[in-house]
Structures are given as structure tokens and as C-alpha cells.
Amino acid sequence: MEAIFYTYYNSPVGWLKLTSTPDSLWSVSFEEMQNENSSEIPQILKESIQQLDEYFKGTRKEFKLKLAPEGTDFQQKIWKLVENVKYGQTASYLDISIQSGSEKNTRAVGLANGKNPIPIIIPCHRVIGSNGKLTGYAGGLERKRWLLLHEQQHSAHSDLLF
């Protein structure tokens, strides 16, 4: 079994727990408070923190990290499509469903999006309802709203995202 490492990051949207293997980011989770970090912090976690710092300062628009989210083939496919939604933009669940090959998959897309183990970095917050409304987010709708407004503020796009 491969070693697992973790560290905590105090972000503007609350504590984040970052978990990794020695060379890949495995998950990001929203936490109520900080706990102890691993005794050893691999380079991938240091890079993740640096890139999150840049993202929250508004200077990083795209993450460049080796990711290893665990999920089904369908979930992996949806997360890859979600990664393509650009900073400062949104896509609907229907948009992602169509890109996945079936516009009838909106519910499955929503479920897969909700299982994303690496929020913010795999930007599932950028997926909204077809009617432009904010819908479901594992971190809560207030965090989703904050992330979208943050990106809008630091983006060339001036249109309201939702």
C-alpha cells in the first residue's frame, strides 16, 4: 500500500485538508478545523498549497498539479470535462452531459460532480443549473458562490456567472 500524507490549509473558504500519495494529490476536503499534519509533507502537497495561495490571491487561473482522484470510469470522464471549464466561466450540468455523449445524463453528471474528491482544483463549483441557478456543492452553496464571485472579480469576463 502506498503511503498517504495530509496537510491542512487555512483558505478564505475555511480549512481544507489536502491528502496525497508521495507524488499525486488525492483529495481536498472542507474541514471545520485544523488537525495535525503528517510528519512528512511531500513536494506535491507543498506545490498544492503554493498554487492554492496563488488561486486565492487571484493570480493563478489554472492548476498544474499531478492529480489522482479515485472514482469510476464515468466519474473520471466527468471530472476531466469539468477541468475544461475555464476560470471565470460556468457550464451547466446539461452542457457537461452533452459533452459526455448524452444530454439525458444530467442527473448522473450531477452525482459524479458531487463525488469530486478534489474540489476547487477540479472546479466543480463552476457547474451550475441550466437555469443559471447555483445548485448543490459539497462545500455548501455559500462557498460555491464565494468561489464564483472570486473568479469573476479576477477574470476578464464581466458577465455575472450565475
Side-chain angles (χ1 to χ4, degrees), residues 1-72 74-76 78-91 93 96 107-129 133-155 160-162:
M1 172 129 186
E2 198 166 23
I4 301 296
F5 303 91
Y6 50 90
T7 190
Y8 289 81
Y9 173 72
N10 192 8
S11 81
V13 293
W15 283 104
L16 301 175
K17 179 181 180 182
L18 287 68
T19 307
S20 76
T21 63
D23 64 351
S24 299
L25 186 63
W26 192 40
S27 71
V28 172
S29 59
F30 296 101
E31 301 291 329
E32 291 297 315
M33 56 190 239
Q34 178 183 21
N35 285 312
E36 283 191 42
N37 294 330
S38 294
S39 57
E40 180 184 341
I41 305 297
Q43 189 60 33
I44 184 65
L45 287 178
K46 292 174 185 173
E47 290 171 17
S48 299
I49 296 241
Q50 177 185 343
Q51 290 188 28
L52 282 166
D53 274 342
E54 294 165 355
Y55 170 82
F56 285 115
K57 288 176 185 167
T59 59
R60 176 168 291 277
K61 312 294 189 232
E62 189 175 319
F63 291 95
K64 302 280 188 197
L65 297 165
K66 185 174 178 190
L67 306 179
E70 289 191 351
T72 66
F74 180 75
Q75 289 169 336
Q76 297 280 346
I78 298 307
W79 299 334
K80 286 288 181 204
L81 293 170
V82 168
E83 279 186 277
N84 293 329
V85 181
K86 300 290 182 212
Y87 183 97
Q89 298 180 6
T90 57
Y93 292 97
I96 302 295
R107 175 166 278 165
V109 165
L111 291 172
N113 203 43
K115 297 277 186 191
N116 171 16
I118 309 178
I120 302 172
I121 294 168
I122 298 176
C124 54
H125 61 277
R126 296 180 190 152
V127 183
I128 61 174
K133 300 240 187 238
L134 298 184
T135 58
Y137 186 63
L141 291 182
E142 283 309 308
R143 282 189 179 115
K144 183 172 188 164
R145 180 182 322 282
W146 191 97
L147 292 165
L148 290 172
L149 290 172
H150 168 74
E151 291 184 10
Q152 181 182 13
Q153 179 183 3
H154 295 283
S155 170
L160 191 60
L161 298 173
F162 53 94

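Numbers here are sequence positions counted from 1.
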Looking at side-chain heavy atoms only, is the closest gap between Val109 and Val82 below 4.5 Å?
no
Going by the rule ring-ring contact (aromatic ring centres under 6.0 Å, His included), which residues pair with Trp146 if we only count those two or more places apart in sequence or in a different chain?
Phe56, His150
Measuring from Ser48:OG to Asp53:CG, what's the distance to the nearest 0.5 Å?
11.0 Å
Given side chain to side chain contact (heavy atoms under 4.5 Å, CB included), test Leu65 with Glu47 step by step and report yes or no.
CA-CA 8 Å; Leu65 297 165; Glu47 290 171 17; 3.9 Å; yes
Calculate, to the nearest 0.5 Å, the distance between atoms OG and CG belonging to Ser155 and Leu149 respectively.
12.0 Å
Test item: His154 and Lys61 side chains (from C-beta on) under 4.5 Å apart, heavy atoms:
yes
Do Lys144 and Leu148 touch side chain to side chain, with heavy atoms closer than 4.5 Å?
yes
Supply the atom-to-atom distance Ile96 CD1 to Cys124 SG, rounded to the nearest 0.5 angstrom.
11.0 Å
For residues 20-41, which residue pairs qualify under salt bridge (charged side-chain N to carboxylate O under 4.0 Å, His left out), counting only residues two or more places apart or in two chains?
Asp23-Lys66
Closest non-hydrogen atom pair between Tyr8 and Gln34, with its separation
CB-CG, 3.7 Å
Any side-chain to backbone donor/acceptor pair from Ser38 onto Tyr6? Under 3.5 Å, distance only.
yes
Could you check whether Glu142 pairs with Arg145 (Lys NZ or Arg NE/NH1/NH2 to Asp/Glu carboxylate O, under 4.0 Å)?
yes
Counterpart residues, ring-ring contact (aromatic ring centres under 6.0 Å, His included), relative to Tyr93 (two or more places apart):
none
Could you list the residues that satisfy side-chain contact (heavy atoms from CB on, under 4.5 Å) with Pro42, not counting sequence neighbours?
Phe5, Ser20, Ile44, Leu45
For the pair Trp79 (side chain) and Lys115 (backbone), establish whether a donor and an acceptor sit closer than 3.5 Å, ignoring hydrogens and angles.
no
For Thr21 versus Glu2, what's the shortest heavy-atom pair and its separation?
CG2-OE1, 3.6 Å
With side chains defined as the heavy atoms from C-beta onward, is the minimum distance between Thr135 and Ile128 less than 4.5 Å?
no
Not counting sequence neighbours, which residues clear ring-ring contact (aromatic ring centres under 6.0 Å, His included) with Phe30? List them please.
Tyr137
Would you please classify the geometry between the Phe63 ring and the Tyr55 ring as parallel, tilted or perpendicular, with 30° and 60° separating the classes?
tilted
Looking at every heavy atom in both Gly71 and Gln76, which two are closest together, and how far apart are they?
N-NE2, 3.4 Å
Quick check against the 3.5 Å criterion: does Asn113 have a side-chain atom that pairs as donor or acceptor with the backbone of Val127?
no
Please examine the side chains of Pro69 and Ile122, heavy atoms only from C-beta on, and report whether any two atoms are closer than 4.5 Å.
yes
Trp26 to Ala68 - nearest heavy-atom pair and separation
CD1-O, 3.0 Å
Who are the salt bridge (Lys or Arg N to Asp or Glu O under 4.0 Å) partners of Glu62, not counting sequence neighbours?
Lys64
Are Ile41 and Lys46 side-chain neighbours, meaning at least one heavy-atom pair lies under 4.5 Å?
yes
Does the Thr7 side chain pair with the main chain of Leu18, one donor and one acceptor, at a distance under 3.5 Å?
no
